Amino acid sequence: MERKWEAKLKQIEERASRYERKPLSSVYRPRLSKPEEPPSIWKLFHRQTQAFNFVKSCKEDVHVFALEYKVGDGQRIYLVTTYAQLWFYYKSRKNLLHCYEVIPENAVCKLYFDLEFNKLANPEADGKKMVALLIEHVCKALQELYRVNCSAEDVFNLDSSTDEKFSRHLIFQLHDVAFKDNVHVGNFVRKILQPAFHLIASEDDDSISESTGHGFSHFPETPVKQRISFSKMSSDRDRGESQTQNSKERGRLGSAEQSSPDLSFLVVKNNTGEKHLFVDLGVYTRNRNFRLYKSSKIGKQVALEIAEDNRFFPKQSKTISEENQYFLSSLVSNVRFSDTLRILTCDTSQNKQKRVEYSNSTNTKGNIEGFHCSPYPEIDQFVLSLVNKNGIKGGIRHWSYFFPEELLVYDICKYRWCENIGRAHKSNNIMILVDLKNEVWYQKCHDPVCKAENFKSDCFPLPAEISLLFLFKEEEEFTAAETMNSDTKSPHKPPSGLLSEGAVSDADWDNGLDETDFVEAAEDAELAAAAEHGLLGYCSGEGEIPDELIVQVLQE
DNA sequence: CAGCGCTACCACACCCC
DNA sequence: GGTGTGGTAGCG
């Protein structure tokens, strides 16, 4: 949502400055293109958002490419055209020398890797062998996690190495299988490379050989650099998950084999001697520019060419040249549509947690926690009503839910009234505890004195409407969780316009709908159901709620 | 006239010991 | 010293 606002704002500002520079002529004359003209689409934009807006307005199957045009500062312009037309002008390699595919955010795409290491800093590294081992590991993971069969023959292997640098792009050509988008690809890649992270976390050089073969028992307590994307909030849970994942993997690989995949071959040194992974994890961001087959970086001579050890060979075609086939295969977001296309997803534990928070609590064994608002907005409302008294507007700083006890613990901010001392604490915050099992609430606090005597206020019954509502909501959430589950598990067809071969209809454009909206709509279904009862809570970013809304809820 | 999307890093505030 | 936050240089 925030992203959309930012993008919209940026667009508006951009438009404003454009009109200031070039005001509209007094008479606006729209022109129609001649119907007999062949469809030729070749449009350049200075701004990526403009390029994507044009793509959306286009009936044809067009795509955004980035062209480097100034040496040094990596400045790019954006080209919108079809794959066929780009290839027509591109194939001669006389112009368009520094082209990048823009892998659109939220677009279905292939599994891909950017691999590199400094040859001088890693004189003993055998790049080809490392690529082969990586492919093997990835194929195994695809089989284990998604039951997808593939081998090195399905991996288009492109080389862009120099004397100093070993550099490869791998683009997986899976049959009837693609990822939901490149962020999911990144999640998948990080997940399957997890065992390698602890190898680079340690400082001493001997740890590589030492730690291999010991399996996963030496996971570092602190998340290493690459895992920074996982939030602090979910790190414990995430660690737990990776452990179970690892033990599963251990089981599947069998006891005869090593207890865990040996990924030490992925560890390389950069030119300052620091340990890094052979796999570049920085290429799975939104609208990532990925260099095209036969393109070079501006200012450099080396283009991406088919690697010596490439084992992928496209199908022979009478209408499409072999080179064109390779070109099309190299495009990450060129996913062939089929009725049996499977879309793979890989959420981070952060995203998973979001789902868990709003789904049936019995699905999860561990306790959950969060900030500002819990999965029970009505209870949040009630708690907020308790801490909004005498002109003091308290808020929810943090909440935790303990499953066995069915206990919601709210850390309150700003409001510090303590029943124990009969006044507000000066520097310590209080807690409100909601016991869902016994349908009561009570107060405790962080004050050391109160803590020492294990102070707990009297229990007060929860309002009947909250207890009742809780029962209702549990039922709704159960069904909602079920639907969500089947949705994510079963391979589903994305809405048309999402696939690279489908065009976005004008209707979609007018509605401003995109794939994210569909997903959000589905996830909000249960909240919408709650809203129908007129009791849905309301949470601002600050955890503060308009008074009139609280009143409304309490009256009901 | 005009790139984009991050992350790593730093400075700083705040809190609690 | 631990932890959160806000701003930014610089990387991919």
Side-chain angles (χ1 to χ4, degrees), chain A residues 2-4 6-7 9-11 13-23 44-53 64-80 98-106 112-118 160 165 167-169 181-183 185-187 189-190 200 221-233 235 270-272 274 276-291 295-300 304 332 348 371-372 397-398 411 413-414 416 425-429 445-449 451 541-542:
Chain A
E2 274 173 45
R3 269 189 68 76
K4 262 181 208 163
E6 283 168 28
L9 195 66
K10 207 173 165 191
Q11 229 176 294
E13 280 170 356
E14 180 56 34
R15 222 170 261 185
S17 69
R18 215 170 356 124
Y19 287 133
E20 269 170 30
R21 292 190 302 266
K22 269 191 175 181
L44 291 168
F45 300 87
H46 280 288
R47 305 288 175 165
Q48 186 180 259
T49 44
Q50 292 175 355
F52 275 113
N53 284 342
V64 180
F65 302 89
L67 317 175
E68 276 183 315
Y69 74 104
K70 246 188 215 171
V71 188
D73 59 354
Q75 263 188 49
R76 282 151 205 224
I77 49 168
Y78 299 90
L79 166 67
V80 175
H98 321 292
C99 285
Y100 296 76
E101 172 186 12
V102 181
I103 304 165
E105 61 179 298
N106 304 319
Y112 64 101
F113 289 86
D114 180 21
L115 310 173
E116 57 187 37
F117 66 81
N118 186 306
S160 190
K165 200 170 146 190
S167 171
R168 294 288 176 98
H169 280 189
D181 60 41
N182 72 332
V183 174
V185 172
N187 295 339
V189 172
R190 277 183 292 269
I200 55 170
E221 273 310 299
T222 45
V224 297
K225 277 182 187 174
Q226 269 82 351
R227 295 181 63 199
I228 207 122
S229 57
F230 299 115
S231 76
K232 187 91 192 98
M233 180 175 124
S235 60
N270 67 3
N271 39 20
T272 59
E274 290 170 308
H276 275 266
L277 286 192
F278 176 42
V279 178
D280 181 355
L281 297 173
V283 297
Y284 305 109
T285 54
R286 297 174 166 114
N287 301 319
R288 162 64 43 179
N289 289 194
F290 210 52
R291 190 145 53 92
S295 264
S296 62
K297 286 182 187 170
I298 198 160
K300 303 257 172 83
L304 279 160
V332 172
T348 61
F371 299 88
H372 304 315
R397 190 221 291 271
H398 183 262
D411 282 332
C413 55
K414 290 174 194 157
R416 290 171 167 174
H425 282 293
K426 284 182 181 126
S427 54
N428 289 294
N429 285 313
C445 71
H446 290 286
D447 179 77
V449 179
K451 258 189 171 167
E542 304 302 314

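Every value quoted in this text rests on a predicted model; they were computed, and no experiment measured them. Just so we're on the same page: letters track the sequence lines, and every chain starts at 1.
Distance A:Glu101 CD to C:dG12 C1': 16 Å, rounded to the nearest Å. Protein atom CD of A:Gln75 is 10 Å distant from nucleotide atom P of B:dC4, rounded to whole Å. A:Asn106 has its CG atom 12 Å from the P atom of B:dG5, to the nearest Å. Rounded to whole Å, the distance from CG on A:Asp411 to P on C:dT3 is 16 Å. Distance CG (A:Leu281) to C1' (C:dG12): 12 Å, rounded to an integer number of Å. The nearest whole Å value for the distance from the CZ atom in A:Arg190 to the C1' atom in B:dT7 is 12 Å. The distance between atom CG of A:Asn270 and atom C1' of B:dA8, rounded to the nearest whole Å, is 14 Å. Here the P atom of nucleotide B:dC4 and the CZ atom of A:Phe52 are 11 Å apart, to the nearest Å.
Side-chain atoms of A:Asn289 come within 3.5 Å of backbone atoms of A:Asn287 as a donor-acceptor pair (strictly under, hydrogens ignored).
Between A:Asn53 and A:Phe45, the closest side-chain pair of non-hydrogen atoms is not below 4.5 Å. No side-chain heavy atom of A:Arg291 sits less than 4.5 Å from a side-chain heavy atom of A:Cys99. For the pair A:Asn118/A:Lys165, no side-chain contact is recorded, criterion being any heavy-atom separation below 4.5 Å from C-beta on. Contact check for A:Tyr100 versus A:Lys297: side-chain heavy atoms found under the 4.5 Å cut-off. Between A:Leu44 and A:Leu67 the shortest side-chain heavy-atom distance falls below 4.5 Å.
When distances run from any side-chain atom of A:Tyr78 to the nucleotides B:dC6, C:dG12, B:dG3, the shortest one goes to B:dG3. When distances are taken from the side chain of A:Gln48 to each of B:dG5, C:dG12, B:dG3, the shortest belongs to B:dG5. Closest contact between the side chain of A:Arg47 and the listed nucleotides B:dC4, B:dC6, C:dG12 involves B:dC4. Proximity note for A:Asn287 (side chain, C-beta onward) versus B:dG5, B:dG3, C:dG12: the nearest is B:dG5.
When each of A:Lys70 and A:Tyr284 is assigned the nucleotide of DNA chain B with its nearest heavy atom, A:Lys70 is the one assigned upstream, toward the 5' end.
C:dG10 and B:dG3 have their C1' atoms separated by 15 Å, given to the nearest Å.
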Pairs under 3.5 angstrom, nitrogen or oxygen only, protein versus nucleotides 13-17 of chain B, please.
none

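The phosphate of C:dG12 (OP1 or OP2) has no side-chain N or O of A:Arg288 nearer than 4.0 angstrom.
Side-chain contact of A:Arg288 with A:Asn182: a donor-acceptor pair under 3.5 Å is absent, judged by distance alone.
Comparing the local axis fitted to the first five base pairs of the helix from B:dC4-C:dG12 to B:dC15-C:dG1 with the one fitted to its last five gives a bend of 10°, rounded to 10°.
For the atom pair NE2 of A:His98 and CD of A:Glu68, the computed distance is 7.0 Å after rounding to the nearest 0.5 Å.
Screening A:Val332, A:Leu304, A:Val102 for a side chain to side chain contact (heavy atoms under 4.5 Å, CB included) involving A:Phe290 leaves a single residue, A:Val332.
A:His46 and A:Tyr69 have perpendicular rings, their planes meeting at more than 60° on a 0 to 90° scale where under 30° would count as parallel.
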